[in-house]
There are 2 protein chains.
Amino acid sequence: MESEVGGRRARTRARLLDCALDLFERQGYEQTTVAQIAEAAGVTEMTFFRHFAAKDRVVVEDPYDPLIADAVAAQPRTLTPLVRAVAGLRTAWAQLPEPQSQTVRRRVRIAAVTPSLRAAIAANNATTEQILVDQLVADGTDPRSARVAAAATLAGITAALLDWSQRDDIALTDAVAAALDTLDGRR
Amino acid sequence: MESEVGGRRARTRARLLDCALDLFERQGYEQTTVAQIAEAAGVTEMTFFRHFAAKDRVVVEDPYDPLIADAVAAQPRTLTPLVRAVAGLRTAWAQLPEPQSQTVRRRVRIAAVTPSLRAAIAANNATTEQILVDQLVADGTDPRSARVAAAATLAGITAALLDWSQRDDIALTDAVAAALDTLDGRR
DNA sequence: GACGAAATGTTAGCCGCTAACATTTTCTTG
DNA sequence: CAAGAAAATGTTAGCGGCTAACATTTCGTC
């Protein structure tokens with residue numbers, strides 16, 4: 001039967017996620033203990049780690065990589081590496097599903113004020129970066145330039161995301177678009 | 001008397017640093033225990049932490065920030081944020097003292113193959129990034145664009161550094177110069 | 001040589017995280 | 001529906017990074 005929205009596992013995970021974000025918002029990420037999260041969710045510490053590989057995984061999730069490769073591949077190869085990377089991400093972003101509302105903002109907002117989490121985000125970007133690099137190289141870009149361009153682009157977008165989360169006066173889409181423009185040289 | 005090159009403290013620190021890098025190179029960063037480092041240096045675990053605030057501080061050190069601000073300030077404000085940031089760093093880099101040979105390369109090389117250390121580097125860049133942002137904003141750049149430009153530039157340079165450490169066919173100066181060119185759009 | 005300060009040692013403990021094994025809950029199937 | 005397989009959670013024990021509080025040694029100086 002599938003009457004529930006998710007099995008027991010899914011429900012436990014959702015509870016852990018929610019309790020964790022609550023605690024992070026109220027008393028800070030570093031000050032919150034995994035034991036506290038587990039208790040709030042009515043579960044054992046061990047169970048927490050069965051749902052999240054590490055404490056920071058509550059906030060930092062894996063990215064949606066696949067789309068990016070195609071988008072970058074579609075860019076004309078006459079452009080400069082950075083410009084091409086940016087153009088690819090612009091296209092990729094346009095194709096992405098609208099991010100699910102509230103939770104994204106909560107997460108990013110927490111990450112924005114927690115240095116150690118910013119590091120976690122950077123580490124997480126590594127896989128996306130690799131995809132970008134591969135795609136650029138496949139199109140004939142020098143590997144070193146490709147690395148630099150990919151790293152710079154992702155860092156720029158990440159910075160825009162962190163900034164966006166702290167303000168209420170701008171849509172996520174616009175924030176990213178503006179960041180890409182900055183990287184582009186369009187402004 | 002001052003016959004020694006440094007007091008006891010300085011010597012202990014040097015020993016710890018050397019033993020740590022040795023162990024990291026031989027058996028990997030993650031696989032090396034602070035206890036092992038301490039023992040190799042003939043010292044207690046506690047003493048290690050009295051010299052390095054954290055294990056990763058052996059590899060990731062604080063940057064030379066001060067120069068950057070001035071260099072960026074000297075750039076004409078007609079340029080695009082990213083271009084100006086890059087131009088500033090180009091100038092700053094030219095003024096930096098030649099990095100002390102071997103140890104830099106050892107450190108960066110270790111960082112290059114250790115994901116968790118890449119994160120530490122990113123976190124460490126935060127302060128330099130802030131300086132860059134402040135300088136750009138002071139010159140009239142929109143704060144958001146400044147953040148993006150600063151983050152992108154530093155990420156690009158960092159990527160170049162990591163890449164440089166893994167090859168023997170290029171000078172550090174050239175690697176950085178090339179990265180700046182990529183960010184610039186000069187290539 | 002005595003004395004104060006700097007450097008190091010000792011002990012105890014928190015927190016993130018993992019492994020090995022036991023227990024319960026849920027699903028399936030005869 | 002009973003029974004066994006599979007999934008989810010619990011229990012215990014322990015490692016490694018890191019911190020705090022207090023004791024001890026070493027060093028420079030008078």
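In the text below, chain A, chain B and the rest are named by the order of the sequence lines, each starting its count at 1.
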Could you tell me the separation between the [atom1] atom of [X] and the [atom2] atom of [N], rounded to a whole number of Å?
X: B:R15; N: C:dA7; atom1: CZ; atom2: C1'; result: 12 Å
X: B:F52; N: D:dT19; atom1: CZ; atom2: C1'; result: 18 Å
X: A:M46; N: D:dT12; atom1: CE; atom2: C1'; result: 12 Å
X: B:D56; N: D:dG16; atom1: CG; atom2: P; result: 18 Å
X: B:R9; N: D:dG28; atom1: CZ; atom2: C1'; result: 17 Å
X: B:K55; N: D:dC15; atom1: NZ; atom2: P; result: 16 Å
X: B:R57; N: D:dT19; atom1: CZ; atom2: P; result: 12 Å

Pairs under 3.5 Å (N/O, protein and nucleotides 21-25 of chain C):
none

Checklist entry - Does B:A41 offer a backbone N or O that forms a donor-acceptor pair with the side chain of B:R15 under 3.5 Å? => result yes
Next on the checklist: Between B:R107 (side chain only) and B:V58 (backbone N and O only), is there a donor and an acceptor less than 3.5 Å apart?
Outcome noted: yes
Does [N] have its OP1 or OP2 closer than 4.0 Å to a side-chain nitrogen or oxygen of [X]?
X: B:H51; N: C:dA7; answer: no
X: A:T12; N: D:dA8; answer: no
X: A:T47; N: D:dA8; answer: no

Among the nucleotides [options], which one has an atom lying closest to any side-chain atom of [X]?
X: A:E45; options: D:dT11, C:dC17, D:dG17; value: C:dC17
X: B:F49; options: D:dG17, C:dA19, D:dT9; value: D:dG17
X: B:V43; options: D:dG10, C:dT10, C:dT8; value: C:dT8

Next on the checklist: List the residues meeting ring-ring contact (aromatic ring centres under 6.0 Å, His included) with B:F49, not counting sequence neighbours, and say none if there are none.
Outcome noted: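 For B:F49 there are no ring-ring contact (aromatic ring centres under 6.0 Å, His included) partners, ignoring immediate neighbours.
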Item to check | Where B:V43 and B:L16 come nearest, the two heavy atoms and their spacing | outcome: CG1-CD2, 4.1 Å
Next on the checklist: When you group the ILVMFWY residues by side-chain heavy-atom contacts below 4.5 Å and let the links chain together, are A:V83 and A:L180 in the same group?
Outcome noted: no
Next on the checklist: Looking at A:D168 and A:R109, is any side-chain nitrogen of the basic one under 4.0 Å from a carboxylate oxygen of the acidic one?
Outcome noted: yes
Item to check | All salt bridge (Lys or Arg N to Asp or Glu O under 4.0 Å) counterparts of A:D56, not counting sequence neighbours | outcome: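 Checked A:D56 against salt bridge (Lys or Arg N to Asp or Glu O under 4.0 Å); zero matches.
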Next on the checklist: If you take any heavy atom closer than 4.0 Å to DNA chain D, which residues from residues 18-42 of chain B end up in contact?
Outcome noted: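 Listed by number, they are B:T32, B:T33, B:V34.
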Item to check | salt bridge (Lys or Arg N to Asp or Glu O under 4.0 Å) contacts touching residues 143-152 of chain B (sequence neighbours left out) | outcome: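 Counting only pairs at least two positions apart or across chains, the salt bridge (Lys or Arg N to Asp or Glu O under 4.0 Å) contacts touching residues 143-152 of chain B are A:D163-B:R144, A:D169-B:R144, B:E129-B:R147.
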Checklist entry - Can you list every salt bridge (Lys or Arg N to Asp or Glu O under 4.0 Å) pair that touches residues 32-51 of chain A, not counting sequence neighbours? => result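 Non-adjacent pairs meeting salt bridge (Lys or Arg N to Asp or Glu O under 4.0 Å): zero.
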